[in-house]
Each structure stands twice: as structure tokens, then as C-alpha cells.
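Take a look at the structure below.
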Amino acid sequence: MKIATWNVNSLKVRLPHVIDWIAANRPDALCLQELKMEDKAFPVAELEAVGYHAAFNGQKTYNGVAILSPAPLEAVVRDIPGFADEQKRIIAATIGGVRVISAYFPNGQAVGSDKFAYKLRWLAALTDWLREELKTHERLVLAGDFNIAPEDRDAHPDWKEEIHVSAPERTAFAALAALGLRDVFRQFDQPESSYSWWDYRMGAFRRNFGLRIDHILVSPALCAGCRSCTIDKTPRKLERPSDHAPVSVEFDL
DNA sequence: ATGGCATAATCCTTATGA
């Protein structure tokens, strides 16, 4: 089974890239973030035409998440249950017996800001919810744009901002890991300076000035079967790219 | 010291991203 995640930064603009990437990679599940569109604008027909169903949780202008799959998407849940939030950042579905969650974590803007406090509140609510989910879903995948670089090696050495690398954010990431969820990328040898996001400015991609903030975390029941985890930089080289690259994991069930 | 790019929504400027 192959599961991937991709922050597309506007599905309207990026739909051709998504369609091409699906055709080349045929994932069993593709988690998308930052759709930046309302549900009524979601390209259902275009994706059906390439053999993919979709569950989506959209919002005008900001946020918005989806899961695409050639197989039926069952038991769809939108948003974190019990957490009052206007922002559309979560969708979950069961695909082939695997609970798949597409998550767009808050950016946080700046350490100490109101948005940073919201990021930490949101992370705490997510962790509480997943603790319960894991009781009923042994096979679980949390994939998305975490907006956290979990270790120093996940950020370019010249990254001078605190946001995405601060201690409170990394502590919150560790709390997710403490549920038993494993950052699959680090289960395998990887190239040095592996990142999944590069700023549009300053020639950041050319200089590989990036952050690894897009992650796939898997439950213990799936971890042993994991065969690979890779970041695909090819779509970042296209005209009008997303600033994020897709991340994929392959595992045996 | 600042903003540098991209997107979407008020439009020709602003909010947000990371």
C-alpha cells in the first residue's frame, strides 16, 4: 500500500500537477492540504476521470484538506471531534482497513503570538483525539503538513526563525510520537539535508534552503511493514509549483 | 533593516503563509 501527503497551496491552481502526479504514482491514498476552496468548488469529476474518489473538508481562501483514493473512503470524519474550530484542518477516512488522517497543522506565525497559542491548543486536541482513535484503529496513518521540523537536521542551518523549530512545538510533536506514532521517514537512510518545503523567495529551492515539515506518522501495527519513505522533489521543479513536495510511504499489510 | 514569492479575496491593496 502506498500513502502520500502533499500541501498543494491551492488545489485550483495545482490540479494539473496533482492529476499528473497521481497518474505517475498511483497512490492508494493521497492526503492533500491547503485546498483554499469551498466544497462546492472541489474537482470531483476531474478526479473521478482518473479513477479517484475523494473526501474533502474545504474552506474559502484558507486551509482545507482532502483524501483521494481509488478505493471507497469509509467512516469519514471532518474536524477534531469536540474541538470548536472554524478552520478546516482535519479529515479522516478508512481505506482498505487503514485509518488515514489528512492534517494541516496551524502555522503559528510567531512564537508567543495568539496564533502560536492556537497552534499548541490545536496540537493538544489532536493528540487527545488520536489517543482515542488508536484504541479502535490499530492501523492508523497521520499524514500532512505539520508545520514542525522535529529535529535540527530537519531545518536548514541558516533558518533563523523560531517558528517551526521551537521547543514547545517539538515537545508537542514528541507527544504525538509518545502515542506510538512513528515518523516513518527516519526509519530509513535518507539523503542529508532532506526537506519538504522551500520558500518561493530568495531562490530557496535552488539553494536547498528548506524545512522538513511534511510528515507521515504510522501506528506500531503498520511500522514493521514499512518498506520506504521518500520526498519527491520533481513537482517542485515545475512551472507554478506548490512550495511543498509530496512525501510517500510504502508498506506491506 | 526590509523584503524578496504566491494565493485569494477586498480589488490595485491586504492577509496569510513558513
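Side-chain atoms are counted along with the backbone in the values below, which use heavy atoms only and exclude waters and symmetry mates.
Annotation: side chain of A:Tyr104 is in contact with side chain of A:Asn147 (closest heavy-atom distance under 4.5 Å).
Rounded to a whole Å, the CH2 atom of A:Trp159 is 13 Å from the P atom of B:dG17. The interatomic distance linking A:Glu169 (CD) with B:dA18 (P) rounds to 12 Å, in whole Å. Atom CD in A:Glu161 sits about 9 Å away from atom C1' in B:dA18, given to the nearest Å. If you measure from atom CG of A:Asp154 to atom P of B:dA18, you get 16 Å, rounded to the nearest angstrom. Whole-Å rounding puts the A:Gln59 CD to B:dA15 C1' distance at 13 Å. Rounded to whole Å, the distance from CD on A:Gln33 to C1' on B:dG17 is 14 Å.
Using P as the reference atom, B:dT14 and B:dG3 are 13 Å apart when rounded to the nearest Å. Comparing B:dG4 with B:dA15, their P atoms are spaced 15 Å from each other, to the whole Å. Distance check on atom P: B:dA18 versus B:dA6 gives 15 Å, rounded to whole Å. Spacing of P atoms, B:dT16 relative to B:dT10, comes out at 14 Å, to the nearest Å.
When the side-chain nitrogen and oxygen atoms of A:Tyr195 are compared with OP1 and OP2 of B:dA18, none of them lie within a distance under 4.0 Å. Under 4.0 angstrom from either OP1 or OP2 of B:dG17 there lies no side-chain N or O belonging to A:Asn7. Taking 4.0 angstrom as the limit, A:His244 places a side-chain polar atom (N or O) nearer than this to OP1 or OP2 of B:dA18.
Contacts of A:Glu34 with the nucleic acid, taken as non-hydrogen atoms under 4.0 Å apart, involve only primed sugar atoms and P, OP1 or OP2. Residue A:Phe146 is out of contact with every strand shown, counting any heavy-atom pair closer than 4.0 Å. A:Asp145 comes within 4.0 angstrom of the backbone, heavy atoms only, and of no base.
Separation of atoms CD (A:Glu86) and CG (A:Asp79) is listed at 9.5 Å; rounding is to 0.5 Å. Put simply, CG on A:Leu126 and NZ on A:Lys119 are 12.5 Å apart, with the number rounded to the nearest 0.5 Å.
Within a heavy-atom distance below 4.0 Å of DNA chain B, the residues of residues 197-216 of chain A found are A:Trp197, A:Tyr200, A:Arg201, A:Met202, A:Leu211, A:Ile213. Near-neighbour residues of DNA chain B inside residues 108-122 of chain A, defined by a heavy atom below 4.0 Å, number-ordered: A:Gln109, A:Lys115.
In this structure, A:Pro241 and A:Gln87 both approach DNA chain B, and ranking their closest nucleotides by distance from the 5' end singles out A:Pro241.
With hydrogens and angles disregarded, no donor-acceptor distance shorter than 3.5 Å links the side chain of A:Arg99 to the backbone of A:Glu138.
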Distances under 3.5 Å between nitrogen or oxygen atoms of protein and nucleotides 8-13 of chain B:
unit_1, atom_1, unit_2, atom_2, d
B:dA8, OP1, A:Ser10, OG, 2.6

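The aromatic rings of A:Trp197 and A:Trp159 stand perpendicular to each other, their planes meeting at an angle above 60°, with 30° marking the opposite boundary.
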